[in-house]
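Below is one structure, written out as structure tokens; comments come after it.
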Amino acid sequence: MESLVLSIEDQRVCVRAAKGCETMTELRREIDKLDQFIVEVLKFRLSFMERAAVLKETRNKVRDEDRIEAVVDNIKAKAVAVGLNVEFAETVYRHLIEQSIEHEYGVFDAIEKG
Ligand SMILES: O=C(O)C(=O)C[C@]1(C(=O)O)C=C[C@@H](O)C=C1
């Protein structure tokens, strides 16, 4: 991949491929651009947990083991498809889901149900 074009609403960012970076300064500038995007995607993903906390009727539905395994299986298949290390993808996603569940519990507990 020569470069990655990422867009969020009217924001469009072009991130150069790692092999196109000749210095650490250049390389870190590209990482910073990617991180900005990743943070926005994480925030957007978390907004779905906030909505899930509203849609789930009971607290014991916040953690859904079957769904966790389905998400992880899906991510592992996507990792294979794009050539990303599967163990890396699984580890990152299991952490992400655990943090998402913590956030969802927080929102669920803050809402008055019933
Ligand atoms: O699918 C859900 O029920 C969610 O709340 C989302 C999510 C996730 O992070 O993908 C989070 C908590 C659940 O245990 C399973 C999956």
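Start at 1 and go down the list; that is how both ligands and their atoms are numbered. We use all heavy atoms of the structure for the numbers below, so side chains are in, but hydrogens, waters and symmetry mates are not.
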Open item on the list: How far is atom 5 (O) of ligand 1 from the closest protein heavy atom, and which atom is that?
Closed with: E104 OE1, 2.7 Å
Task: Nearest neighbour of atom 4 (C) of ligand 1 from the list E102, K56, R67, on a heavy-atom basis - done: K56
Open item on the list: Any side-chain to backbone donor/acceptor pair from K56 onto K61? Under 3.5 Å, distance only.
Closed with: yes
Task: Short side-chain to backbone donor-acceptor contact, K33 and C14, under 3.5 Å - done: yes
TODO: Report the nearest protein non-hydrogen atom to atom 9 (O) of ligand 1: residue, atom name, distance rounded to 0.1 Å.
DONE: R45 NH1, 3.0 Å
- [ ] Look up atom CZ in R67 and atom CD1 in I101, then write down how far apart they are to the nearest 0.5 Å.
- [x] 11.5 Å
Open item on the list: Heavy atoms only: which of I97, V62, D66 lies closest to atom 13 (C) of ligand 1?
Closed with: V62
- [ ] With rounding to the nearest 0.5 Å, note down the distance linking CD in E104 to CG in D109.
- [x] 11.0 Å
TODO: Report the nearest protein non-hydrogen atom to atom 14 (O) of ligand 1: residue, atom name, distance rounded to 0.1 Å.
DONE: D64 N, 2.9 Å
- [ ] Only counting residues at least two apart or in another chain, list the ones meeting side chain to side chain donor-acceptor pair (under 3.5 Å) with E9.
- [x] none
TODO: Give the residue and atom name of whichever protein heavy atom lies nearest to atom 6 (C) of ligand 1, and the separation in Å to one decimal.
DONE: M49 CE, 3.4 Å
Task: Within-4.5 Å side-chain heavy-atom neighbours: L96 and R45 - done: yes
Task: Numbered atoms and elements of ligand 1 in range of R63, under 4.0 angstrom, heavy atoms - done: 14 (O)
- [ ] Between L96 and ligand 1, find which residue part has any heavy-atom pair under 4.0 Å and reply side chain, backbone, both or neither.
- [x] neither
